[in-house]
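Below is one structure, written out as structure tokens; the observations come after it.
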Amino acid sequence: MLQFIQFLKGYVCIRVWGYSPERFMNLCSNHDIFLWDIKNCGEYYSMCITVAGFYRLKGIVKKTGTKVAIQKRCGLPFLVPKMMRRKIFLIGLIGSLAFWMWMSTFIWAVEVEGNYSISEDIFLDFLKQNDVYVGMRRKDVDIEALEKQIRQDFGIVTWTSAKIDGTRLQIQIKENEVKAVEKRGEGAEEGTESGNRFGSDLVAEADGQIVSMVTRAGVPQLAVGAEVKKGDVLVAGSVPVYNEDSTVRRYQYYDADADVFISRNLHQTEELPLSYQKKEYTGEEKEEVFLSVMEKEFYLRIGKVKYENYDKITDKKQVKLLDNFYLPVYYGSSLNREYVMKDNIYTKEEVKNIFSEKLIKYMADLEEKGVQIIKKNVTIDKKNKKWRMDVDLQIVEQTGKNIPIVPVQEETENAQEGMPDMQDEEASAE
């Protein structure tokens with residue numbers, strides 16, 4: 001702030017030499033003449049002084065026997081006269097300031113932080129769909145509505161914060177580290193009688209053998225060790241209510257709920273061709289410099305890129321005046337590297353490494369889903385002019401999905417007939 005005030009008032013840089021420069025500086029201090037940036041240059045001292053203070057030096061210079069010379073004039077009072085003599089420059093300066101002020105009313109950069117599961121491309125597409133884009137006016141960005149929409153569209157986002165800093169829109173999000181898993185059979189503890197709704201059964205989703213079963217609601221239809229087929233009822237949601245003579249009086253219906261684990265075999269096949277095409281760089285390269293304004297790109301290079309096949313490696317940077325004042329101007333360089341495609345034959349070691357990576361990823365995906373791998377058998381050989389990997393796994397996984405109960409007509413009639421019987425018994429008791 002002090003430097004800005006000094007610039008407005010104007011100041012001069014002076015050189016002091018002679019009999020006693022130190023006494024000169026002491027007298028300036030005694031007369032409240034402010035000096036700054038004092039430097040000892042050996043034969044002389046250099047320093048800065050205000051314009052008003054400079055005009056008060058005559059007596060001090062005479063008393064100390066020193067000499068003073070102006071090295072440089074700085075500040076607005078010295079700049080304005082020069083500018084007034086250059087009207088075109090002045091008009092250009094004012095126009096430039098007006099242009100930058102107008103540019104500062106737009107968003108020229110969007111930054112997203114904290115996105116790990118959500119890719120940046122997906123997030124930028126989401127912003128475009130919600131009319132948030134580079135080049136829009138700052139006043140048109142509804143921060144509160146944007147934060148709410150992010151939480152609605154991305155269930156994995158637990159917290160979000162958006163703010164405009166200069167010409168940059170900063171969005172920070174926090175993703176849920178553990179995805180919420182909806183508990184199967186939620187609300188199964190609370191049963192309802194026939195006439196309101198009929199609940200659901202828990203059925204097998206794959207063939208296998210039951211190795212573990214813990215029932216929380218409903219009636220188990222199979223036991224541990226039993227073989228099951230896809231679609232078999234594991235736990236029934238209809239619970240019978242018996243008469244004294246052990247006949248079924250009526251049914252109460254629940255959402256069947258249980259943790260059922262089955263053991264089953266899983267087969268997976270992966271294939272690779274015997275040969276593949278590989279890039280081989282020729283060593284020919286052509287570098288170019290580019291400037292991009294908005295969506296227009298201008299390239300500066302000698303000649304054209306005549307390569308039939310080439311890779312472009314680009315280093316792109318965005319222009320900014322201050323830390324947060326971004327502009328829609330980009331610059332950088334590109335390196336074009338020529339290559340030719342050549343046929344190569346996979347070696348057995350290469351095939352083994354590729355299949356190994358695929359197998360590791362496949363097994364990791366299974367384990368992420370809670371699947372336990374008990375045994376594995378992997379074979380790699382050539383079949384039908386292809387490399388082929390056959391994977392046989394024995395796994396233990398949780399199974400069971402709820403499907404609505406459709407009660408038979410007899411059960412419905414029995415349930416309806418049960419109420420009059422109860423009324424007769426109560427009447428006879430009276």
Side-chain angles (χ1 to χ4, degrees), residues 115-123 125 155-156 175-182 184 202-213 222 224-232 234 258-282 308-313 337-401:
N115 55 314
Y116 300 104
S117 300
I118 307 168
S119 69
E120 190 167 342
D121 291 338
I122 293 175
F123 206 94
D125 288 341
I156 197 172
E175 298 176 351
N176 190 4
E177 296 178 0
V178 180
K179 293 183 179 180
V181 179
E182 186 177 350
R184 185 167 42 240
L202 191 68
V203 302
E205 297 175 276
D207 299 351
Q209 183 181 26
I210 299 175
V211 296
S212 174
M213 188 172 187
L222 297 168
V224 174
E227 296 287 341
V228 298
K229 297 291 184 181
K230 182 178 180 180
D232 286 352
L234 301 172
D259 290 333
V260 183
F261 290 86
I262 62 170
S263 172
R264 69 184 184 96
N265 295 323
L266 193 61
H267 181 77
Q268 178 72 8
T269 301
E270 294 285 348
E271 291 183 336
L272 275 179
L274 295 178
S275 62
Y276 65 99
Q277 286 194 321
K278 181 181 178 181
K279 290 181 182 179
E280 285 196 7
Y281 293 96
T282 63
E308 185 177 352
N309 298 311
Y310 62 92
D311 284 335
K312 182 186 286 288
I313 304 170
R337 301 178 63 194
E338 184 186 27
Y339 66 85
V340 293
M341 300 300 296
K342 289 193 174 181
D343 290 330
N344 286 266
I345 298 175
Y346 281 115
T347 65
K348 194 167 185 178
E349 192 64 28
E350 287 176 331
V351 171
K352 185 178 178 181
N353 291 335
I354 293 172
F355 278 147
S356 179
E357 290 179 3
K358 290 188 176 184
L359 178 61
I360 290 171
K361 185 178 183 303
Y362 176 63
M363 293 174 64
D365 290 341
L366 290 176
E367 289 174 353
E368 281 184 6
K369 298 174 182 177
V371 176
Q372 183 181 357
I373 300 172
I374 306 301
K375 293 180 182 179
K376 68 176 179 179
N377 182 33
V378 182
T379 58
I380 299 175
D381 55 11
K382 289 182 182 179
K383 287 185 179 180
N384 299 326
K385 297 182 180 181
K386 290 182 180 180
W387 284 103
R388 175 169 169 170
M389 176 178 69
D390 290 298
V391 182
D392 291 296
L393 302 176
Q394 184 180 354
I395 64 171
V396 173
E397 65 177 351
Q398 189 172 1
T399 189
K401 68 176 180 180

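Fair warning: this is a prediction, and the values are worked out from it, not measured in the lab.
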For Q398 and D259, does a side-chain donor sit closer than 3.5 Å to a side-chain acceptor? yes
Non-hydrogen side-chain atoms of E175 and I118 separated by less than 4.5 Å: yes
Counting C-beta onward and ignoring hydrogens, is there a side-chain heavy-atom pair between K383 and D390 closer than 4.5 Å? yes
So which heavy atom on Y276 is nearest to which on I345, and how close? CE2-C, 4.2 Å
Are the side chain of E205 and the backbone N or O of G400 linked by a donor-acceptor pair below 3.5 Å? yes
Can you give me the closest heavy-atom contact between T269 and H267, atom names plus distance? OG1-NE2, 3.1 Å
Do L274 and W387 have side-chain heavy atoms sitting under 4.5 Å apart? yes
Rounded to the nearest 0.5 angstrom, the NZ-CG distance for K279 and N344 is 14.0 Å
Between D207 and K230 (side chain of the first, backbone of the second, donor and acceptor by atom type, cut-off under 3.5 Å), is there such a pair? yes
Report the distance from atom CZ of R264 to atom OG1 of T399, rounding to the nearest 0.5 Å. 8.0 Å
Tell me the closest heavy-atom pair linking L222 and M213, and the distance in Å. O-SD, 3.4 Å
Between K369 and D365, is the closest basic N to carboxylate O distance under 4.0 Å? no
Could you measure the distance from the CD1 atom of I374 to the CD atom of Q394? Nearest 0.5 Å is fine. 6.5 Å
Looking only at heavy atoms, what is the nearest atom pair of A204 and V228, with distance? CB-CG2, 4.4 Å
